[in-house]
Structures are given as C-alpha cells and as structure tokens.
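In what follows, a single structure is set out as structure tokens and then discussed.
Below, all heavy atoms of this structure are taken into account, side chains as well, without hydrogens, waters or symmetry copies. Both ligands and their constituent atoms are indexed starting at 1 by order of listing.
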Amino acid sequence: MKKVYLIGYMGSGKSAIGRRLSYALKMPYYDMDREIERKMGMKIPEIFETFGEEYFRTLETEFLLNFRDEWCIISTGGGTPMRKENREILRATGLVLFLNAPFHEIWRRIRTDRNRPIVQRSTREELQKLYAERKKVYRRTAHISVNTEGRSLRQATEYAARQVRRLKGKQPN
Ligand SMILES: Nc1ncnc2c1ncn2[C@@H]1O[C@H](COP(=O)(O)OP(=O)(O)O)[C@@H](O)[C@H]1O
Ligand SMILES: O=C(O)C1=C[C@@H](OP(=O)(O)O)[C@@H](O)[C@H](O)C1
Ligand SMILES: [Mg+2]
C-alpha cells in the first residue's frame, strides 16, 4: 500500500481534508482535479465543455494508471470511483477512505459553486438522486468510511489521520 485515496461526493471535503491530512501525516498531497487541469492547461469546466465528460473520465483513469509510485495522499474527483477500472486501481494501490456527509450539508457547500460542471447543469433533485446512486459505490469501494457530519474540517482530519495510522501497517502490499 502506497497511497491514501479520499473518495466521496462533490463537497464531501476530499480536497480540504486531503490537504490537511497531508500535514498531519507528513505525506505529499495531490488533488486529481488540479493535476488534470495542470496537464491539460485548462480548468475542469473548460475540459467538460470542450471535450465532454467521457473524455474527462478517461483523463482520470490515465492519471490513476500513470501517477508515480510514492507514498502520498490523493483527493479524487467525486465521479472517479464510478468506473470499475478506477475502483480496481484504487483498491489495489492504496487505502481508500470514503468521506461521508448527509446530502443537505453537501448541498449547502456546493450549491453556489461555479467550478463543478455537474452542479452547474443539474437541479437539486438531480444532484440528490446522483448522491444516492453514488453513495452505494463509495461504500463498497472504500476500506473505511469517515463520517464528517457535524465535524469541523479539523476534527474530520484528526479522525481520518487516526484511521490511516491504524490501518497503514495492516495492508498486505
Ligand atoms: N467537515 C466540513 N466542515 C466544514 N466545511 C467543510 C467540511 N468539509 C468540506 N467543507 C467545505 O466545503 C467546501 C467543499 O469542500 P471540498 O474539499 O472542495 O470538497 P470535495 O473536494 O470533496 O468536492 C469547501 O469550502 C470546504 O472547506
Ligand atoms: O462528481 C463529479 O463527477 C465531479 C467532481 C469534481 O471533483 P470534486 O468531487 O472535488 O468536486 C470534478 O472531478 C468534476 O467536476 C466532476
Ligand atoms: Mg475536490
């Protein structure tokens, strides 16, 4: 096991907690969305607009396949675990943490965001339906769930850090 992956819905705190977890565990940090933006020289909404969602999904898989083999924390995008191939890579190369939060909290965090094309194009009802569908996949992809409901970023990070320290030694690879 080399990597610690954070998975979960948009707004579950993958990027915010990932960055803090990297300080807590003294491991380098990468955000898949930022890495893809850097590689393409384009922002996520622009990539969706120009090439379409499927192309973005392929960029995510390419990132997972090619990213360097080092100890690090990686925040995935909310859609990353929806591809079977991605799920297999995540579980085979790292410890997978699902950041769980109720939809009403998530909605409060993402409703005004302009950088998430899926939020831009969807109604609240559509986002809630997608949340319910994806949640099942997040649960079965993850090694552990981290409940962030009612927890500050600091508290959620501390809890996640404890889980990683506890489980890191138990991984076979
Ligand atoms: N547990 C939390 N408590 C308070 N704010 C949070 C919490 N988790 C996330 N946020 C805030 O919600 C917003 C979205 O979080 P972000 O880390 O970008 O989510 P993700 O990367 O999972 O889409 C950010 O402004 C972040 O600071
Ligand atoms: O849920 C999704 O399909 C997406 C989530 C985003 O990342 P965050 O989960 O960090 O918002 C980003 O990858 C893209 O906008 C698509
Ligand atoms: Mg993010």
Indicate whether the side chain of [X] and that of [Y] have a donor and an acceptor atom separated by less than 3.5 Å.
| X | Y | result |
| --- | --- | --- |
| Glu60 | Thr80 | yes |
| Tyr138 | Ser12 | no |
| Thr93 | Tyr5 | yes |
| Tyr30 | Glu70 | yes |
| Thr141 | Arg91 | no |
| Arg116 | Ser122 | no |

Which protein N or O atoms sit under 3.5 Å from any N or O of ligand 1? Give atom names and distances.
residue, atom, partner, partner atom, Å
ligand 1, 1 (N), Arg151, O, 3.0
ligand 1, 8 (N), Arg109, NH1, 3.4
ligand 1, 17 (O), Ser15, N, 3.3
ligand 1, 17 (O), Ala16, N, 2.8
ligand 1, 18 (O), Arg116, NH2, 3.1
ligand 1, 19 (O), Gly13, N, 3.2
ligand 1, 21 (O), Ser15, N, 3.0
ligand 1, 21 (O), Ser15, OG, 2.9
ligand 1, 22 (O), Ser12, N, 3.3
ligand 1, 22 (O), Ser12, OG, 3.4
ligand 1, 22 (O), Gly13, N, 3.0
ligand 1, 22 (O), Lys14, N, 2.8
ligand 1, 22 (O), Lys14, NZ, 2.8
ligand 1, 23 (O), Gly11, N, 2.8
ligand 1, 23 (O), Arg116, NH2, 2.8

Atoms of ligand 2 close to [X] [distance to a heavy atom under 4.0 angstrom, numbered from 1]:
| X | result |
| --- | --- |
| Phe56 | 13 (O) |
| Ile118 | 2 (C), 3 (O) |
| Ile44 | 14 (C), 15 (O) |

Which residue and non-hydrogen atom of the protein lie closest to [atom], and at what distance in Å?
| atom | value |
| --- | --- |
| atom 15 (O) of ligand 2 | Pro117 CD, 3.5 Å |
| atom 10 (O) of ligand 2 | Asp33 OD2, 3.5 Å |
| atom 11 (O) of ligand 2 | Arg116 NE, 2.6 Å |

Which bit of Lys14 is near ligand 2, meaning a heavy atom under 4.0 Å away: side chain, backbone, both or neither? side chain
Within reach of ligand 2, part of Arg57 (heavy-atom separation under 4.0 Å): side chain
Where do Gly8 and Lys14 come nearest, in terms of heavy atoms and distance?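 Looks like O-NZ, 3.0 Å.
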Between Tyr131 and Tyr9, how do the two ring planes meet: parallel, tilted or perpendicular, split at 30° and 60°?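 Taking Tyr9 first and then Tyr131, their aromatic rings stand perpendicular (interplane angle over 60°).
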Measure the acute angle between the ring planes of Phe63 and Phe67, then classify it against the limits of 30° and 60° as parallel, tilted or perpendicular.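 The rings of Phe63 and Phe67 lie parallel, inter-plane angle below 30°.
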Does the residue Arg134 have a heavy-atom contact with ligand 2, meaning some pair of atoms that are separated by less than 4.0 Å? yes
Below 2.8 Å, can you find an N, O or S atom of Met10 next to the Mg ion (ligand 3)?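 Of the N, O and S atoms in Met10, none lies under 2.8 Å from the Mg ion (ligand 3), which means no.
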Salt bridge or not for Glu35 and Lys39, using N-O below 4.0 Å? no
Using a strict cut-off of less than 4.0 Å between a Lys/Arg side-chain nitrogen and an Asp/Glu carboxylate oxygen, indicate whether Glu46 and Lys43 qualify as a salt bridge. no
Where the closest heavy atom to atom 4 (C) of ligand 2 is concerned, which of Ser75, Gly78, Gly8 has it?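 Checking each option, the heavy atom nearest atom 4 (C) of ligand 2 is found in Gly78.
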